[in-house]
Structures are given as C-alpha cells and as structure tokens.
Amino acid sequence: MLIHLPIAEIAVDPLIVAAIGTGVGFLSGLFGVGGGFLLTPLLIFYGVPPAVAVSTQANQVLATSIAGASSHWRQGAVDVRLGSLMLAGGLAGSVLGVGIFSLLRYLRVVDATISVLYIVLLGVIGGLMAWESVGALGKTGGDPGRRTRLRGWMRGLPIKRRFPRSGLYISIIPPIGIGFVVGILAAVLGIGGGFILAPAMVYLLGVPTRVMVGTSLFQIIFITGFVTFLQATFNGTVDMVLAFLLMIGGVIGAQGGAAAGRRLKAAQLRLLLALVVLGMAAKLAFDIYVAPRPPFELEALA
Amino acid sequence: MNGSAGPLLCLALLACPAAAAQGPIERPPLEAPLPGEPIAAGLAEDTVEVKVNYSGARIVLFATSPFGEDPATGFAVALIGPSAPQTVLRRTAAGRERFEFVAAPTVFAIGAEPQVAETVTPETMILAGLNAAGSAMPEARNLASPDLALWRAAFVELKMDQQLYSLDETTIERLDGGLRRVRINLPANAPTGVYRVRAVAFQNGQRIGETEQTLTLIRGGMDATLFDLSRKHGVIYGFLAVLLGSLVGLIAAWVGRR
C-alpha cells in the first residue's frame, strides 16, 4: 500500500518510511543527537524532494527528542539550566550563521565551504572521540577526566554558577559560547548540531555522558520546534503526513535507543557515537571526491 | 547558404502560390480528414482526484481511425502535463553552467503504434507536438544555440529519472472498426493541473488527423485540506506541525513510562 504525500507530491510506502524513522530514532535516543544528519540523506535517497526532506526531518526530530528527553528526564539526567544557556547561545549564533551563509552564497563559495567544513568537522570530532573513548575503555570505561588543561583555563572565567544535575560549578560563558558556535555551524550547515554539541559538552564542559544525552535532546526540542515552525510558515515545505509516519517509527526507536544506552558504559556510548560520526564523514568525503557524479542535474523548482 | 541555394528557394516560394492557384488541393483517397483535422476521441475519465491513497493513475483514451481498419494508419498519443519553467545544470571544470527552459511540460508520456515508429520522421513528430525534447522551449536567445539538442536530451533524461517522462510505457490497442484503446500511466508524483491528451493519426508518414482532450488532476480529501492549509494559512499549518510533533512525542513518552 502506498500513501500520497500532499506537500512532497510523491507516493511512499508507509512501512519503509516508519522503518527509516525507527532506525534514526534509535540513534537519537542512544546518543542524544537529533539524527537530522542521517534522516535527510535517507529521505532524499528514498525520493523525497530535498527541500521537503530537510524541513520535515526537523518535525520528526521534535517528536523523537521529546520522547527521548522524557526518558532521561525521569532519571534526572537533564540539566535544564545548562541546556537553557546553550539554547540562548545557539539561537543568537544561528542568527549570525544565517548572515554568514548569505555572505558565502554572495561569494559563490557556499557549496565548497559547506562540504569541506562538514568533512573536517565530522572527521576531527569523530577521530578525537574515538581516540579518547578507546583509551577510556581500557581503564574505567567512564567519563573523561575532569581536570584537563582546557578546563583549567575555563575555571578562571567569571560569572560562575552551579549546575547541580551535571555536578559542575563553572562560568556561564563557555556553555553560551559553545551554544553560539554550534548555532553558527547549525545555520551554515543546515543541521541541528546535536552531533557537535554532544561531544563539546563532554570534553569541553565536563558534563557526564549520562546527563549529556538528555540535556542535548532537551535543547534540540526547542531548536527543531523553531525550525519546523519557520519552514512550514515561510517555505511551506513541511509535510505533516510524512512527518507523522516518521514520528511513529521515530518515537519507538528513541525509547529503544534510550533503553539500550542504559546498558552501555559511557566510553562505549562515546565510541559508538564516534564511529557514527566518522562513518558520516567518510561517506561525505566519498560522495564528494570519489563517487562519480552525473554531469547534468535539474534545478529544483522554487 | 551557398550561391545556388538562393535562387532555388525563390523558385520554391514562387511555385507554392502558383500551385494553389491551379485548382483545389488534391485530397487523399477515402475522403480522409486534412492534416490537423479533428478525429473522434474521448477519455474514459476527464478528472483524476489526488487523495492520500493516490499512487498514480491509468488514463484511458478511445480514438477512432479516419480510415477504419486500414493497416497503414497508425496512432501516436501523448499525455502532456502543465508547463513550467525548468533549469538544467551542468558541472564543468570551470564550475556550473545553467540552461533555462522558459516552458516545458512537467509530465510527458508518449506511445506510438509500430506504423508510426517506422514511417514518421522526428521532425514530423516535433511539428505534431509529440516529441518530448522538442516540447522544452528555451529562451529566445538560445533558440539557435548549437548545444540546444544536448540540453534538451539531458533534460528529457533527467525527467525520465524522476519518472515524470516516459517514452515507452503507453500502450495502444486496436479494437474493431479502427477504434483504438490507449492506456497511459500517470505517475504518482505528477503535479496537479490541466493535462492535454493529444492523439495524432498518421498514414505513410503524414499526419492525417488529430484530437486533443483535457484531463484535470485535482487534489481531494485530506490531501487537498493539508495542501491548501500550508499554502494559504502557513502560520496555522506551522503551529499544527509543531503541535503534532509535540503531541506524538508526549504520547510516546507517556506510553514509555507505563
């Protein structure tokens, strides 16, 4: 049985769409990432027009993030205060990011910049995480050490506050700053930023991996809600039928991912996330530099 | 143009009105209609409604041959979707090249009987409005471009990849008395609008009759409601999309807790 999507204007198999949602939702619940960086290419590969895929994945990620975050919330593993600070920084950063995106487009280097930035960022983050987590697996299998040189520098910053959920007493500047940088990257790269935010919280702020996942999802709820509303209102590219099908699978997957995460050591979780991020970097590099690309393509209708 | 071609062309131009003045045009045998004259035809359905369960449709056209069961007469039938401007991009070492078609059918499906494929030239098919590539109209400045054929061919290939153009899936079946039953597949991703179903009869490579029917593809049911809401009341649609995501997430959270 096929279902016709009113905005995407294609017919899809609801079981396949729900299965895609389940797989991405599982990763979302497991790692605390939105999963948009996986969902968008999967939807495009299935035949959904890119503009609709980009917008609709935000709506699906909204549902799975709420489902995933609620599971972590019940275990007291969401640091709302820390998440709110990063969210504030993220919203401000995304405004600057939109400006940078416009400038890159004006200079006609947007495609090249995004491709290189994506690969470098994913490769560096994934590589460092894999390196650290493999080392940690041989030791305690827990979180990375809290007294690093970078964190020592951060401890000297003013406006300190307590973040009891994370067990931190740090300046509010680094969380806002991290949110700000992630906001810029999110706007330039067109992603939610969870896969950048999650390691930044662990390695730069020293947030325990267990709290990191819930707090990251907490922030993603607001970002994806905001993006969904803007895309639906101004671009008309959110397909609610497609989003609903993805959500059905996504929320089931997110619950399963959160449950699976509880059975893993923190270092195992970080290593798995590192492998996903590295895999994504490798695929992007392959697509851009190795895979043959068709000489002609149709420009999407506005 | 070389030196001898000019006078020849002048002679040909002068000869035509002279021939017309000599008497009535010589009609083909059996009082067949003139090229382009209408032939009897009708669609089984002239409206297709796109609902949530729409996964494509099969359009059926009945058309009669002006020469009855004459084996030399063949039909070519095309389903032509609403026109829209479209742009083809080409990657080169220097960057990207763009070629704009100011109007090209969004959907094009054609089928022809063997007699047509064997006897009708591509030029005649273009003149009859039955050539997919020829239907893509470039900007005026590009009409004489040496690359026009290349861009048109690339455009048709890309549309075929999207399953919006098909050159061999339309079937034409001969029934008694020269009646033809034509089955055309309308893809699931076809845009709504007014379509033309164009049937042309050929004999010995010459066009002897034609007909054009209109088919309307409209939205219906929930499909139409959601589409209209997203286009006419974007803020409400956006609010509902956020509400849907939140509700599904909260319900899943509640179910997970239990």
Candidate pair A:Glu9 and B:Arg219, rule salt bridge (Lys or Arg N to Asp or Glu O under 4.0 Å), full reasoning
CA-CA 11 Å; A:Glu9 298 193 285; B:Arg219 294 174 185 277; 2.5 Å; yes
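- Neither the backbone nor the side chain of A:Ile252 has a heavy atom closer than 4.5 Å to any heavy atom of chain B.
- For B:Arg231, the part sitting under 4.5 Å from any heavy atom of chain A is the side chain, from C-beta outward, and nothing else.
- Ranked by heavy-atom pairs under 4.5 Å with chain B, the first of A:Ile3, A:Asn59, A:Leu2, A:Val251 is A:Asn59.
- Only the side chain of B:Val50 comes within less than 4.5 Å of a heavy atom of chain A; its backbone N, CA, C and O stay farther away.
- Tested against A:Ser55, the residues A:Thr237, A:Thr228, A:Thr40, A:Asp239 include a single side chain to side chain donor-acceptor pair (under 3.5 Å) partner, A:Thr237.
- Judged by distance alone, the side chains of B:Thr171 and B:Glu173 never bring a donor and an acceptor atom under 3.5 Å apart.
- Of the listed residues (A:Leu5, A:Leu62, A:Val12), the one with the most heavy-atom contacts under 4.5 Å to chain B is A:Leu62.
- Among A:Ala11, A:Ala232, A:Ala63, A:Ala58, the residue with the largest count of heavy-atom pairs under 4.5 Å with chain B is A:Ala63.
- Considering every non-hydrogen atom in both B:Ala63 and B:Phe75, the closest pair reads CB-CE2, 3.9 Å.
- Within a 6.0 Å sphere centred on CZ of A:Phe296, heavy atoms belonging to other residues, nucleotides or ligands number more than 12.
- With respect to B:Phe155, the ring-ring contact (aromatic ring centres under 6.0 Å, His included) criterion is satisfied by exactly one of B:Phe99, B:Tyr165, B:Phe108: B:Tyr165.
- Contact of B:Gln162 with chain A is made through the side chain alone, with heavy-atom distances under 4.5 Å.
- By the neighbour-count criterion of 12 heavy atoms within 6.0 Å, atom CZ of A:Arg165 is sparsely surrounded, having that number or fewer from other residues, nucleotides or ligands.
- If you measure heavy-atom distances from B:Ile251 to chain A, you find no contacts under 4.5 Å at all.
- Heavy atoms of B:Trp254 lying under 4.5 Å from chain A are absent altogether.
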